[in-house]
Engineer: 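Here it is, the structure, as structure tokens.
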Amino acid sequence: MATGDHTIQSCDGLYPSPEEGWEIYSSAQDADGKCICTVVAPVQNMCNRDPRSKQLRQLMEKVQNISQSMEVLDLRTYRDLQYVRNTESLMKVVDGKLKVASDNPRSVNSKGLQELKDKVTQLLPLLPVLEQYKTDAKMILKLREEVRNLSLVLIAIQEEMGAYDYEELRQRVLLLETRLHSCMQKLGCGKLTGVSNPITVRASGSRFGSWMTDTMIPSSDNRVWYMDGYFKGRRVLEYRTMNDFIKGQNFVQHLLPHPWAGTGHVVFNGSLYYNKYQSNIIIKYHFRSRSVLVQRSLSGAGYNNTFPYSWGGSSDIDLMADENGLWAVYTTIPNAGNIIVSRMEPQSLEVLQTWDTGFPKRSAGESFMICGTLYVTNSHLAGAKIYFAYYTNTSTYEYTDIPFHNQYSHISMMDYNPRERVLYTWNNGHQVLYNVTLFQVIKTSGD
């Protein structure tokens, strides 16, 4: 679709609307006549909403039900057959006595008649067994009819789909989705141009807190970490997957050796980076070994509500990660309370490079890094928008006007995850996600 030497492409996040499918469409052209295109990626289980997929799931459930019914019938039939075999000799005795009585009625005395009655009484339990046989025979007829119907439905689906196996096609689509997502990650960095409507994942905890997944690229780690509160907290809950977090199940607890301050924590490559309570010390805590790997003072950084965000909460030091690595956002007295951005070495926590943005931290609601650019909101309350952007690659800034819906009116944490390309937010006791739209300039093969 490119009309010039470059294509400008927008990549939405990993969590599009459930109602959306693959969409690639042109929305406008820029001043140079280059085509502006948007790609919207669906959720991974898009194929599961296909009617044929629903039919197949229903068929699988029916087959499973039939299999279970057949197992029950088999067990019951085996048990009853054993009972019949055990009473076979008794039936032969009764049959012999009845023949003798029939051939010579005078030979049956009162004692013999009583014995015959006793034997018949012993055979009475066979009656319910025979009744069960009748019921099971009806069920077998019903199961046979269901199997016949299943065969007809399967033949109809096969004719509709032609020679292709539907499960194979679904796997191909999933593979293509994975490849496209991988391609999106390789497209490089872009400029933030939009934030989606909020997606509330869960409502839990207090007014303030933080939650996150690993920000390292690439990573197959699907764990979710949850840290409620901003003041002297030590308890970190680790959920196995996002679904477990949503359901509040399958979690383990980490008790940090030192309490935290604020909500500006980040997980990067399996370790939690956080600000130690009542200090400007940064701690790197490794989850699997449950140990502190390194701690280091962030020289000159304010702490203990000296230079917090507008909402307070000991949010003096905000740690974050993006496509370029680990960052710290803070301020110092010599910088007159203006936001400082420092890129950090993840192993040693050494500050590699620092930028003074000139933006007063107390006027910021929250901030986050995307592709080396710091984006700052003008408030933590309703009506907030992304108001300021500082570009570390050029040491320049601009004022922006990117609105987003602050649904629960009190944001105490907002961090970008470069692996998933979404914003993780803690909003007044709600854990919320936002998709982001990034515009990139991609060179064509002719360059």
Side-chain angles (χ1 to χ4, degrees), residues 195 198 203-212 225-236 256 258-266 272-283 297-320 327-342 356-369 374-388 390 404-416 423-432 434:
V195 177
S204 65
S206 64
R207 193 176 193 183
F208 313 95
S210 61
W211 71 296
M212 65 213 80
W225 291 273
Y226 175 90
M227 303 169 69
D228 190 11
Y230 71 87
F231 183 70
K232 297 177 67 174
R234 292 178 60 195
R235 192 173 73 122
V236 182
L256 299 177
H258 306 287
W260 71 70
T263 59
H265 329 299
V266 66
L272 172 70
Y273 296 78
Y274 71 97
N275 176 208
K276 183 180 178 182
Y277 174 65
Q278 287 191 331
S279 75
N280 59 12
I281 294 175
I282 308 301
I283 292 178
S297 175
L298 191 57
S299 181
Y303 61 92
N304 198 26
N305 275 327
T306 304
F307 298 110
Y309 288 123
S310 61
W311 61 273
S314 299
S315 57
D316 304 74
I317 298 174
D318 193 359
L319 303 171
M320 54 192 72
W327 302 83
V329 170
Y330 58 102
T331 191
T332 66
I333 293 177
N335 285 84
N338 292 331
I339 290 178
I340 293 174
V341 180
S342 291
D356 183 351
T357 67
F359 192 92
K361 192 166 186 290
R362 287 183 175 272
S363 298
E366 271 290 336
S367 68
F368 52 89
M369 296 290 295
L374 179 72
Y375 294 94
V376 181
T377 68
N378 64 345
S379 174
H380 63 284
L381 302 173
K385 62 182 178 180
I386 299 169
Y387 180 72
F388 178 85
Y390 186 87
F404 64 94
H405 181 35
N406 185 352
Q407 186 172 2
Y408 305 105
S409 303
H410 197 286
I411 292 176
S412 60
M413 169 257 180
M414 178 176 272
D415 273 337
Y416 172 69
L423 293 173
Y424 279 72
T425 305
W426 189 291
N427 195 338
N428 210 359
H430 297 79
Q431 292 72 53
V432 180
Y434 291 90

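Note that this is a predicted model, so its numbers are computed, not measured.
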Engineer: Tell me whether Asn275 contacts the main-chain N or O of Ile282 through its side chain, where contact means a donor paired with an acceptor under 3.5 Å.
Structural biologist: no

Engineer: Do Tyr277 and Tyr303 pass the ring pair (Phe, Tyr, Trp, His ring centres under 6.0 Å) test, and can you show the C-alpha distance, the side-chain angles, and the key distance before you say yes or no?
Structural biologist: CA-CA 9 Å; Tyr277 174 65; Tyr303 61 92; 9.6 Å; no

Engineer: Give the minimum heavy-atom separation between Asn280 and Gly300, together with the two atoms involved.
Structural biologist: ND2-N, 4.0 Å

Engineer: Hey, which of Met320, Met212, Met413 is the one that makes side chain to side chain contact (heavy atoms under 4.5 Å, CB included) with His265?
Structural biologist: Met212

Engineer: Show the nearest heavy-atom pair for residues Leu298 and Ala328, with the distance to one decimal.
Structural biologist: CD2-CB, 4.0 Å

Engineer: Quick one: closest heavy-atom pair of Thr357 and Phe388, and the distance?
Structural biologist: O-CZ, 3.7 Å

Engineer: Heavy-atom distance under 4.5 Å between the side chains of Asp318 and Asp415, does that happen here?
Structural biologist: yes

Engineer: Going through the distances and angles, do Leu374 and Phe359 end up as a side chain to side chain contact (heavy atoms under 4.5 Å, CB included)?
Structural biologist: CA-CA 11 Å; Leu374 179 72; Phe359 192 92; over 6 Å; no

Engineer: Out of Val195, Leu423, Thr425, which residue meets the side chain to side chain contact (heavy atoms under 4.5 Å, CB included) rule with Phe404?
Structural biologist: Val195

Engineer: If I take atom OH from residue Tyr375 and atom CZ from residue Phe368, how far apart are they, to the nearest 0.5 angstrom?
Structural biologist: 7.5 Å

Engineer: Where does the angle between the aromatic ring planes of Tyr408 and His430 fall among parallel (under 30°), tilted (30 to 60°) and perpendicular (over 60°)?
Structural biologist: parallel

Engineer: For Asn305 and Ser314, indicate whether the former's side chain and the latter's backbone hold a donor-acceptor pair under 3.5 Å.
Structural biologist: yes

Engineer: Distance alone, cut at 3.5 Å: any donor-acceptor contact between the side chains of Asp316 and Asn304?
Structural biologist: no

Engineer: How long is the gap from CG on Asp356 to OG1 on Thr332, to the nearest 0.5 Å?
Structural biologist: 8.0 Å

Engineer: So, does Asn428 use its side chain to make a donor-acceptor pair with the main chain of Ser409 at under 3.5 Å?
Structural biologist: no

Engineer: Would the number of heavy atoms belonging to other residues, nucleotides or ligands and lying under 6.0 Å from CZ of Arg235 be above 12?
Structural biologist: no

Engineer: Would you call Thr263 and Trp426 a side-chain contact if the rule is heavy atoms closer than 4.5 Å?
Structural biologist: no

Engineer: Rounded at 0.5 Å granularity, tell me how far CG in Asn378 sits from CD in Glu366.
Structural biologist: 12.5 Å

Engineer: Can you tell me how far CH2 of Trp327 sits from OH of Tyr416, rounded to the nearest 0.5 angstrom?
Structural biologist: 13.0 Å

Engineer: Considering only heavy atoms from C-beta outward, does the side chain of Leu256 approach that of Leu272 to under 4.5 Å?
Structural biologist: yes

Engineer: Quick one: do the Tyr330 and Ser342 side chains pair a donor with an acceptor below 3.5 Å?
Structural biologist: yes

Engineer: Would you check, one step at a time, whether the test side chain to side chain contact (heavy atoms under 4.5 Å, CB included) holds for Met414 with Thr377?
Structural biologist: CA-CA 10 Å; Met414 178 176 272; Thr377 68; 4.2 Å; yes

Engineer: Within this structure, what is the OG-CD1 distance for the pair Ser279 and Ile317, rounded to the nearest 0.5 Å?
Structural biologist: 7.0 Å

Engineer: Shortest non-hydrogen contact from Ser379 to Leu381?
Structural biologist: OG-N, 2.9 Å

Engineer: May I ask you to test the Arg362-Pro308 pair for a side-chain heavy-atom distance under 4.5 Å?
Structural biologist: yes

Engineer: Just by distance, with hydrogens left out, do Asn338 and Thr331 show a side-chain donor and acceptor under 3.5 Å apart?
Structural biologist: no

Engineer: Decide yes or no on ring pair (Phe, Tyr, Trp, His ring centres under 6.0 Å) for Tyr434 and His405, but give the supporting numbers first.
Structural biologist: CA-CA 9 Å; Tyr434 291 90; His405 181 35; 8.4 Å; no

Engineer: What heavy-atom pair brings His380 and Ser310 nearest, and what distance separates the two atoms?
Structural biologist: ND1-OG, 2.8 Å

Engineer: Between Tyr387 and Ser363, do the side chains contain a donor N or O and an acceptor N or O under 3.5 Å apart?
Structural biologist: no

Engineer: Under 3.5 Å, side chain of Gln431 to main-chain N/O of Ser204, donor-acceptor pair present?
Structural biologist: yes

Engineer: Are the side chains of His258 and Tyr274 in contact, using a 4.5 Å heavy-atom criterion?
Structural biologist: yes

Engineer: In the structure I gave you, are the side-chain heavy atoms of Phe208 and Trp311 within less than 4.5 Å of one another anywhere?
Structural biologist: yes

Engineer: Tell me yes or no: between the side chains of Ser367 and Tyr309, is some donor less than 3.5 Å from an acceptor?
Structural biologist: yes

Engineer: Ser206 and Asp228: which non-hydrogen atoms are nearest, and at how many Å?
Structural biologist: OG-OD1, 2.7 Å

Engineer: Apply side chain to side chain contact (heavy atoms under 4.5 Å, CB included) to Ile333 and Phe307, showing your working.
Structural biologist: CA-CA 9 Å; Ile333 293 177; Phe307 298 110; 3.9 Å; yes

